[in-house]
Every structure is written in C-alpha cells, then in structure tokens.
Amino acid sequence: VQLQASGGGSVQTGGSLRLSCAASGRTRSISAMAWFRQAPGKERAFVAGISQSSGGTKYADSVKGRFTISNDNARHTVFLQMNSLKPEDTAVYFCAADRTLLYYSGDDVPENLREYDSWGQGTQVTVSS
C-alpha cells in the first residue's frame, strides 16, 4: 500500500487546515488508517484514527473537539479536518495504514505506531501565534 499525504501549510492560531491521504495498491488489506504527528525533538504521536470497516474513530485527548477524521472509501482517501489550530499543533503530520485485517469498532483503533506498516511521506503544519 502506498500513501500520499497532502494539505499541510501555515496558518495563524485559530485557523483551519484539511489534510488528505490517498491510498493506492492493495487497499482492501487496510483495517484502519491514522494520522500521527512529530514535532521537532519529540517522538511521533498518535493524533486520530479511523476503522475502514466500521467507520469508528479515535482521537488523542489533545485534539478532541477540534480535529475530525473521516474517510471516503470509494476514493481510498482519509481526511483530517483541523480547526481551532494552536501553535502546539505545529508538526509534520504523517498518515499511516494498519493492514492486520482486524476489525476495529473505533475505540480500539491502535495508537501505537508499530501497529502501522505503511506510511505516507509527511506534510508540514505550522501554526503561528
């Protein structure tokens, strides 16, 4: 599976951005897709994930109520709508795919990056104060 992320950019505090991640190749093998982010000097961290079969979602506490993950299965694309952005949201954002063929209801979408074996190239999001 190949993942192509896009949509990053620079905004001011309170602004919005929408990230997209298009999957190609053996997309039928995808159980869940997620967004992670990595700020300078920090580890890559889970942001949000979505089950491809149930549509159930999971969010990191830091983005709940501000970010929304969604998918368009017909186009094999996952989106991350980011509203009310804060400077602490500044990071490189990566999309990832879990190909374990497990069924996830939503709350059980993995947060551990080791569960994901396909990664996009990353897209920079910068939020200025």
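Atoms CG and SG, from Asn71 and Cys21 in turn, are 11.0 Å apart once rounded to the nearest 0.5 Å. The CG atom of Leu85 sits 10.5 Å away from atom OG of Ser128, with the distance rounded to the nearest 0.5 Å. Taken from OG1 in Thr27 to CZ in Arg75, the straight-line distance is 14.0 Å, to the nearest 0.5 Å. The structure places OG of Ser129 at 13.5 Å from NZ of Lys86, a figure rounded to the nearest 0.5 Å. We find the CE-CG distance between Met82 and Leu19 to be 3.5 Å, quoted to the nearest 0.5 Å.
With hydrogens and angles ignored, the 3.5 Å screen pairs no side-chain donor or acceptor of Gln121 with any backbone N or O of Gln4. Checking side-chain atoms of Ser84 against main-chain N and O of Gly14 turns up no donor-acceptor pair under 3.5 Å. Side chain of Ser118 to backbone of Ala97: no donor-acceptor contact under 3.5 angstrom is found. Side chain of Ser29 to backbone of Arg26: a donor-acceptor contact under 3.5 angstrom is found. A distance-only check finds a donor-acceptor pair linking the side chain of Tyr59 to the backbone of Ile69 [under 3.5 Å]. A donor-acceptor pair is defined here as one N or O able to donate and one able to accept, closer than 3.5 Å; no such pair exists between the side chain of Lys58 and the backbone of Gly106. Formation of a donor-acceptor pair under 3.5 Å by the Thr77 side chain with backbone atoms of Ala22 is not found in this model.
For the 3.5 Å distance criterion, the side chains of Gln124 and Thr126 qualify, holding a donor opposite an acceptor.
Applying the salt bridge (charged side-chain N to carboxylate O under 4.0 Å, His left out) test to residues at least two apart or on different chains, the pairs with a partner in residues 27-46 are Arg37-Asp89.
Here the side chains of Ser16 and Val11 are not in contact, with every heavy-atom distance at 4.5 Å or above. When side chains are defined from C-beta on, Pro110 counts as touching Asp98, because their heavy atoms get closer than 4.5 Å. Leu113 is listed as a side-chain neighbour of Trp119, based on a closest heavy-atom distance under 4.5 Å.
Each of Phe46 and Val63 belongs to its own hydrophobic cluster when Ile, Leu, Val, Met, Phe, Trp and Tyr are linked at side-chain heavy-atom distances under 4.5 angstrom. If you chain together hydrophobic residues whose side chains sit under 4.5 Å apart, Leu17 and Ile50 fall into the same group. A continuous path of Ile, Leu, Val, Met, Phe, Trp and Tyr side chains, each step under 4.5 Å between heavy atoms, connects Val1 with Leu80, placing both in one hydrophobic cluster. No continuous path of hydrophobic side-chain contacts links Phe79 to Val109 [ILVMFWY only; heavy atoms under 4.5 Å]. There is no path of hydrophobic side-chain contacts, each under 4.5 Å, that joins Met33 to Tyr104.
In plain terms, the two heavy atoms of Ser105 and Ser54 that are nearest each other are O-OG, 3.2 Å.
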Task: Test log, rule side-chain contact (heavy atoms from CB on, under 4.5 Å), inputs Phe94 and Leu3 - done: CA-CA 9 Å; Phe94 298 88; Leu3 303 177; over 6 Å; no
Open item on the list: Test side-chain contact (heavy atoms from CB on, under 4.5 Å) on Asp108 and Leu102; report intermediate values, then the result.
Closed with: CA-CA 10 Å; Asp108 52 353; Leu102 295 175; over 6 Å; no
Task: Audit row: His76, Ser24, side-chain contact (heavy atoms from CB on, under 4.5 Å) steps and yes/no - done: CA-CA 7 Å; His76 309 298; Ser24 61; over 6 Å; no
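For Asn112, the CG atom sits in a packed shell: over 12 heavy atoms of surrounding residues, nucleotides or ligands are nearer than 6.0 Å.
The aromatic rings of Tyr116 and Phe36 lie perpendicular to each other, with more than 60° between the two planes, well past the 30° mark.
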